[in-house]
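No hydrogens, no waters, no symmetry mates; every other heavy atom, side chains included, goes into these values. Computed from a prediction, not measured in an experiment: that's the story for all the values here.
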Amino acid sequence: MQEDSPVQNENTPDTAQPRRTGRRNRLIVLGAAALVALGLGGVAVATSGTDHPAPAAVSLDAQSRAEAASRADRSVRESSAPATPSISPTPSPSAVSASPTPTRTAAAKAKPKPKKTTKPAPAWVDPMPGAAVTSCYGQRWGTLHAGIDLALPSGTPIRAAAAGTVTQAGDASDGYGNSVFVDHGNGYLTHYAHQSRIAVTVGQAVKAGQVIGYEGATGDATGPHLHFEVHQGMWNQIDPAPFMRARGVDLGC
């Protein structure tokens with residue numbers, strides 16, 4: 001006998017329907033949970049794949065660049081700001097005139113060396129410097145001693161008392177021995193007697209201080225000396241002491 005499949009009666013309560021509904025609900029919940037899990041994981045994966053945190057060095061480098069840009073911008077603003085002019089005090093005219101600072105060139109600083117000037121030779125000189133006076137002009141032994149005697153060792157040079165021309169050179173007789181006469185062209189002559197040797201000739205021009213001979217004891221002489229006379233015109237003897245003193249030469253008499 002064929003068994004009839006059970007036929008559900010409309011009035012019979014359907015117990016399988018609630019089971020299917022509960023199973024479907026659980027599947028929906030599990031699916032939703034899985035979808036949520038997959039969504040969160042994707043978000044996490046996406047986040048981890050795209051939003052990796054930058055290395056600390058990159059972050060610090062960016063910060064340094066930002067600070068440098070800020071400083072540069074600040075310096076540009078400060079340099080573009082108009083500078084406040086500084087007011088310097090104006091010196092008073094008295095202060096300027098009190099301390100002048102002249103500008104000197106090297107040529108102005110270099111002082112020229114003074115030229116050496118040769119002292120002009122005196123017109124009249126001592127005929128035998130350093131000699132001792134043994135006799136002055138005046139009376140001696142009842143006769144006129146018409147000159148001044150100057151003594152140094154024999155051979156001491158005798159010098160012309162002033163510039164002039166030699167008019168006599170040789171033995172002058174009258175006890176003078178070897179003598180030289182020099183005419184000075186102003187009316188005066190000088191006479192140098194008792195020389196051991198004569199160094200000039202007649203007509204020779206001589207200068208003041210030039211050697212004209214050497215001391216001796218020729219003629220009437222008790223020892224070597226120079227007998228020096230001044231003539232105002234030939235053989236008109238005058239005192240040599242004041243004459244020479246007036247010309248800057250002190251013969252010691």
Side-chain angles (χ1 to χ4, degrees), residues 114-253:
K115 295 182 179 180
K116 293 183 178 180
T117 56
T118 303
K119 187 178 181 180
W124 290 79
V125 299
D126 190 332
M128 203 160 68
V133 177
T134 58
S135 183
C136 293
Y137 177 89
Q139 293 294 321
R140 188 178 67 178
W141 304 326
T143 59
L144 176 64
H145 183 251
I148 297 176
D149 291 345
L150 303 171
L152 276 175
S154 182
T156 299
I158 298 170
R159 303 177 185 277
T165 303
V166 177
T167 57
Q168 291 189 31
D171 189 354
S173 69
D174 293 336
Y176 284 111
N178 293 329
S179 300
V180 171
F181 289 81
V182 178
D183 186 351
H184 300 290
N186 57 356
Y188 293 93
L189 297 90
T190 50
H191 177 198
Y192 311 82
H194 304 309
Q195 295 186 33
S196 62
R197 181 165 60 93
I198 295 173
V200 291
T201 58
V202 175
Q204 180 178 343
V206 295
K207 297 178 180 179
Q210 182 176 335
V211 175
I212 58 175
Y214 299 89
E215 181 188 4
T218 59
D220 295 338
T222 57
H225 69 280
L226 166 65
H227 178 81
F228 176 69
E229 295 181 350
V230 175
H231 296 200
Q232 189 173 2
M234 190 63 178
W235 295 112
N236 181 29
Q237 293 98 326
I238 62 174
D239 189 350
F243 177 87
M244 295 294 289
R245 193 179 299 115
R247 287 155 178 79
V249 180
D250 187 0
L251 296 180
C253 287

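In this structure, the side chains of Phe228 and Met244 come closer than 4.5 Å at one or more pairs of heavy atoms. The side-chain heavy atoms of Val200 and Tyr192, taken from C-beta on, include no pair separated by under 4.5 Å. Taking the side chain as every heavy atom from C-beta outward, Leu150 and Val133 approach each other to under 4.5 Å. In this structure, Arg140 and Asp149 have side chains that are in contact, with non-hydrogen atoms separated by less than 4.5 Å. Taking 4.5 Å as the limit, every side-chain heavy atom of Ile212 sits out of range of all side-chain heavy atoms of Val166. You'll find the side chain of Pro127 reaches within 4.5 Å of the side chain of Leu251, heavy atoms only.
Tyr176 contributes no side-chain N or O that, together with a main-chain N or O of His227, makes up a donor-acceptor pair within less than 3.5 Å. Of the possible polar contacts, one joining the Ser196 side chain to the Glu215 backbone as a donor-acceptor pair under 3.5 Å is found. His194 places a side-chain N or O within 3.5 Å of a backbone atom of Thr218 that can act as its donor or acceptor partner. Counting only distance, with no hydrogens or angles, the side chain of His231 and the backbone of Glu229 share no donor-acceptor pair below 3.5 Å. Checking side-chain atoms of Ser179 against main-chain N and O of Gly177 turns up a donor-acceptor pair under 3.5 Å. A donor-acceptor contact shorter than 3.5 Å links the side chain of Arg245 to the backbone of Cys253.
Checking each of Val182, Asn236, Thr167 against Leu189 for a side chain to side chain contact (heavy atoms under 4.5 Å, CB included) leaves exactly one that passes, namely Thr167.
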Inset, instruction - For side-chain contact (heavy atoms from CB on, under 4.5 Å), just list the numbers for Phe181 and Met234, CA-CA rounded to whole Å, side-chain angles, deciding distance to a tenth of an Å, and then say yes or no. - result: CA-CA 9 Å; Phe181 289 81; Met234 190 63 178; 3.6 Å; yes
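Of all heavy-atom pairs between Asp183 and Tyr188, the closest is OD1-O, 3.6 Å. Taking both residues in full, the closest heavy atoms of Asn178 and Asp171 are given as OD1-N, 4.1 Å, listed atom of the first, atom of the second, then distance. Gly155 approaches Tyr214 most closely through the heavy-atom pair O-CD2, 3.4 Å. The shortest heavy-atom contact between Ile198 and Gly170 is CD1-N, 3.3 Å. Pro224 and Ala151 get closest at one heavy-atom pair: O-CB, 4.1 Å. Of all heavy-atom pairs between Asp250 and Gly252, the closest is OD1-N, 3.0 Å.
Going from atom CE of Met128 over to atom OG1 of Thr156 covers 6.0 Å, rounded to the nearest 0.5 Å.
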